[in-house]
Engineer: 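If you scroll down you'll find the structure; I have some questions about it.
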Number of protein chains: 2
Amino acid sequence: MNVDGTHYRTVWLDGSTVKTIDQPLIPHRFEILDLADYRATADAITTMIVRGAGAIGATGAYGMAQAMLQASPDRYTEEIEEAARVLAATRPTAQNLFYGIEKVQQAIREAADYESARREAVRAAETVADEDAAACEKIGEFGAELIADGARILTHCNAGWLAFVDWGSALSPVYRAARDGKKVFVYADETRPRCQGARLTAWELCGEKIPHALIADNAAGYYMARGEIDLVIVGSDRIARNGDVANKIGTYTKAVLARRHGIPFYVAAPTTTIDFDCPTGADIPIEERHEDEVLCMWGRDADTGDVRRIRIAPAGSHALNPAFDVTPAELVTGIVTQKGVFAPADLAKNESTLRA
Amino acid sequence: MNVDGTHYRTVWLDGSTVKTIDQPLIPHRFEILDLADYRATADAITTMIVRGAGAIGATGAYGMAQAMLQASPDRYTEEIEEAARVLAATRPTAQNLFYGIEKVQQAIREAADYESARREAVRAAETVADEDAAACEKIGEFGAELIADGARILTHCNAGWLAFVDWGSALSPVYRAARDGKKVFVYADETRPRCQGARLTAWELCGEKIPHALIADNAAGYYMARGEIDLVIVGSDRIARNGDVANKIGTYTKAVLARRHGIPFYVAAPTTTIDFDCPTGADIPIEERHEDEVLCMWGRDADTGDVRRIRIAPAGSHALNPAFDVTPAELVTGIVTQKGVFAPADLAKNESTLRA
């Protein structure tokens with residue numbers, strides 16, 4: 001999407017260099033990182049310079065293509081095995097990562113010789129990235145139909161293009177609606193503790209020139225009670241077979257508030273987010289992250305401009321920091337995918353379509 | 001209450017010096033400020049070194065006593081008029097402030113001469129402070145009856161002793177229960193944007209050695225859904241005649257969540273918080289505060305130890321920052337006052353008792 005009027009994807013290949021946006025610097029600086037070899041690319045995934053399912057999948061695929069472009073003609077099969085092993089170990093629970101790596105590995109396996117393996121590896125990686133971008137763009141088309149002209153939309157965390165290759169999931173319908181000429185206004189939850197709303201969503205919305213306001217996570221209920229929010233759209237990290245949705249901590253709270261106020265609550269995600277092998281939300285393990293994310297904050301020093309960490313809480317206090325929560329299917333109005341909008345209860349009966 | 005094992009009140013008189021805890025430094029430093037004359041005392045209220053209804057009321061009263069102690073024998077009537085004017089102008093909507101000033105002014109007015117005016121002014125100010133501390137202690141006794149041994153309690157913002165002279169409102173029942181030997185555990189919402197939970201409530205709980213965990217405001221729903229919260233207690237800035245409760249932004253959200261999970265939701269406040277002239281919550285104006293409170297954070301630099309401000313959001317984004325919300329009476333299980341626990345719907349019919 002747009003950054004100062006120029007179109008960017010999250011990650012791309014330039015010769016045999018993988019290029020990616022240095023996401024930890026956002027919103028304070030916009031820099032492109034050159035990842036010179038697949039080990040550097042793997043590091044960028046491990047250290048969360050790249051984050052988000054779709055973006056990680058494409059980065060894994062590009063890392064494999066890069067490994068192939070830099071492999072030696074006589075030992076490339078072994079070298080590619082090693083690259084796949086290193087890249088897959090970066091984020092051991094990222095479904096899209098394995099998909100991206102495997103797609104490129106398969107293309108290399110099926111290639112007749114070294115030269116065609118190089119060509120096909122690049123082609124396969126580009127396909128992985130293009131498919132992700134296309135799925136997200138399609139989510140935008142289906143989702144935009146749910147957004148009326150003048151709609152005021154609440155979103156939580158960042159499920160924008162930075163988490164994918166382009167367009168994003170929850171924000172894609174907003175971008176589509178705006179490009180189609182609809183007036184929209186976004187309330188962006190800051191999303192403590194990591195503030196992905198304040199840092200990433202707000203930055204994306206600036207780039208696309210979407211009118212928006214940041215709000216404290218505490219304020220969403222206030223605006224709903226005043227009738228100033230027309231719909232909620234969030235992303236998801238994993239959707240269970242029964243339609244229960246795991247997403248960033250606080251999502252459940254917004255769903256409960258939306259139900260009380262009769263406000264539609266949509267989840268936008270590519271079909272790869274649906275885990276048909278996971279029966280219900282209760283089967284989704286919830287990651288407990290480091291307490292420092294709650295006790296501290298990161299930001300740009302108001303005086304010096306440096307990015308610093310400050311501690312808010314007293315030295316003697318500890319924090320609990322669950323990273324996700326589960327929103328039960330009954331609170332979800334619809335799940336917006338690249339194949340259309342589904343009632344959460346209808347996922348299982350559409351399994352063959354959604355897995356395709 | 002306790003600070004490193006020593007008992008403190010928020011504000012007190014020492015000779016003709018008003019002494020107060022420098023609250024903006026908490027939790028990073030604990031310092032007592034000497035306020036040398038009533039103008040310095042007024043400044044401490046204006047700049048929010050002292051905050052919270054009860055604490056402000058007592059500070060206003062002590063400021064008046066201080067003015068009397070420093071007044072000249074021949075012009076003290078005029079000088080006291082001026083002091084009352086200056087002190088009352090510090091926080092023009094603080095009901096308790098006017099009460100504290102008026103009580104001391106009345107004592108001076110009724111005194112026979114200069115010497116007895118000095119004595120009676122001090123006595124009246126001490127009475128204002130003692131009454132506040134006694135009311136809060138009593139709130140603790142009534143509230144503690146609602147807390148079972150082993151209870152896990154959620155609180156929002158800071159309605160502890162720092163906001164009053166001693167004990168506090170929402171935290172007083174917790175302190176009482178703990179001193180009575182009950183095991184309690186407090187989940188303290190950090191309470192963005194100003195983080196009074198992370199800064200003040202957590203610090204108070206450390207001082208009283210109450211087991212607790214800070215959580216992001218987003219996480220309360222998660223713990224309720226897991227059955228790990230037994231009751232919610234919050235304070236209030238203003239309670240309408242019909243039992244609607246205005247309190248820190250985000251309170252309404254916790255009440256909605258508590259209702260969904262069948263968790264009791266209590267509001268603790270001295271009877272002075274009830275505004276019988278305000279028919280419903282819709283009549284309570286909601287202050288919109290500066291957007292920088294959302295866009296930025298204040299805390300102690302992890303490297304240097306200095307207290308600094310950092311900006312989280314992109315330069316191009318703005319924020320909306322409503323400071324309070326209204327929780328409708330139907331979501332409130334009970335209002336804990338120094339005169340007992342009342343159903344919100346019963347306030348009006350107990351008006352004469354509650355106003356006394």
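Worth knowing before you read on, the calculation uses all heavy atoms, side chains too, and leaves out hydrogens, waters and symmetry mates. All chains are named by letter (A, B, ...) in the order of the sequence lines, taking the proteins before the strands, and each is independently numbered beginning at 1.
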Engineer: Which of the residues Thr191(B), Ile26(B), Ile215(B) is involved in the greatest number of heavy-atom pairs with chain A at under 4.5 angstrom?
Structural biologist: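 Heavy-atom pairs under 4.5 Å are most numerous for Ile215(B).
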
Engineer: Do you know which of Met297(A), Arg192(A), His28(A) makes side chain to side chain contact (heavy atoms under 4.5 Å, CB included) with Ile312(B)?
Structural biologist: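 With Ile312(B) as partner, Met297(A), Arg192(A), His28(A) yield a single side chain to side chain contact (heavy atoms under 4.5 Å, CB included), made by Met297(A).
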
Engineer: With chain A, which of Pro328(B), Ala219(B), Pro193(B) has the greatest number of heavy-atom pairs at distances under 4.5 Å?
Structural biologist: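 If we count pairs closer than 4.5 Å to chain A, Ala219(B) comes out on top.
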
Engineer: Counting heavy-atom pairs under 4.5 Å with chain A, which one of Gly316(B), Ala225(B), Gly197(B), Gly250(B) comes out on top?
Structural biologist: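 Between Gly316(B), Ala225(B), Gly197(B), Gly250(B), the count favours Gly250(B).
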
Engineer: Relative to chain A, which of Arg199(B), His318(B), Arg260(B) shows the most heavy atom pairs under 4.5 Å?
Structural biologist: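 The residue among Arg199(B), His318(B), Arg260(B) with the greatest pair count is Arg260(B).
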
Engineer: Under a 4.5 Å heavy-atom cut-off, does chain A meet the side chain of Leu295(B), its backbone, both or neither?
Structural biologist: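 Answer is side chain: those atoms of Leu295(B) sit under 4.5 Å from chain A.
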
Engineer: So which part of Tyr187(A) gets closer than 4.5 Å to some heavy atom of chain B, the side chain, the backbone, both or neither?
Structural biologist: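 Just its side chain gets close to chain B.
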
Engineer: Please report the closest heavy-atom contact between Pro314(A) and Cys206(B), naming both atoms and the distance.
Structural biologist: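 It is CG-SG, 4.3 Å.
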
Engineer: Any idea which of Ala213(B), Ala315(B), Ser317(B), Ala220(B) has the most non-hydrogen atom pairs under 4.5 angstrom with chain A?
Structural biologist: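 Answer, by heavy-atom pair count under 4.5 Å with chain A: Ser317(B).
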
Engineer: Which bit of Lys254(B) comes within less than 4.5 Å of chain A, counting heavy atoms only: side chain, backbone, both or neither?
Structural biologist: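 When you check distances to chain A, only side chain atoms of Lys254(B) fall under 4.5 Å.
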
Engineer: Go through Phe324(A), Trp203(A), Trp298(A), Tyr223(A) and name the one with the most non-hydrogen pairs under 4.5 angstrom from chain B.
Structural biologist: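 The answer is Tyr223(A).
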
Engineer: How long is the gap from CG on Leu257(B) to CG on Leu257(A), to the nearest 0.5 Å?
Structural biologist: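 Nearest 0.5 Å value for the CG-CG distance: 6.0 Å.
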
Engineer: Select, from Met224(A), His212(A), Glu293(A), the one with the greatest count of heavy-atom pairs under 4.5 Å involving chain B.
Structural biologist: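 Most heavy-atom pairs within the cutoff with chain B belong to His212(A).
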
Engineer: Determine whether Val326(B) and Tyr222(A) make a side-chain contact, defined as any pair of heavy atoms from C-beta on separated by less than 4.5 Å.
Structural biologist: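 No, too far: nothing below the 4.5 Å cut-off.
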
Engineer: Could you check which of Arg226(B), Arg259(B), His261(B) has the highest count of heavy-atom pairs closer than 4.5 Å to chain A?
Structural biologist: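 The answer is His261(B).
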
Engineer: Side chain from CB out, backbone as N, CA, C, O: work out which of these in Ala188(B) comes under 4.5 Å of a heavy atom of chain A, or both, or neither.
Structural biologist: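 Interface part for Ala188(B): neither.
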
Engineer: State, with a plain yes or no, whether a side-chain heavy atom of Thr253(B) is found less than 4.5 Å away from one of Asn218(A).
Structural biologist: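 SC-SC contact between Thr253(B) and Asn218(A) ruled out.
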
Engineer: Please tell me if the side chains of Arg309(A) and Ile310(B) come closer than 4.5 Å, counting only heavy atoms from C-beta onward.
Structural biologist: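 No, every pair of side-chain atoms sits at 4.5 Å or beyond.
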
Engineer: Would you give the length of the straight line joining atom OG1 of Thr304(A) to atom CG of Asp301(B), rounded to the nearest 0.5 angstrom?
Structural biologist: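 Going from the OG1 atom of Thr304(A) to the CG atom of Asp301(B) covers 8.5 Å.
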
Engineer: For Ile286(A), is it the side chain, the backbone, both, or neither that has a heavy atom closer than 4.5 Å to a heavy atom of chain B?
Structural biologist: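 It is the side chain, since no backbone atom gets that close.
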
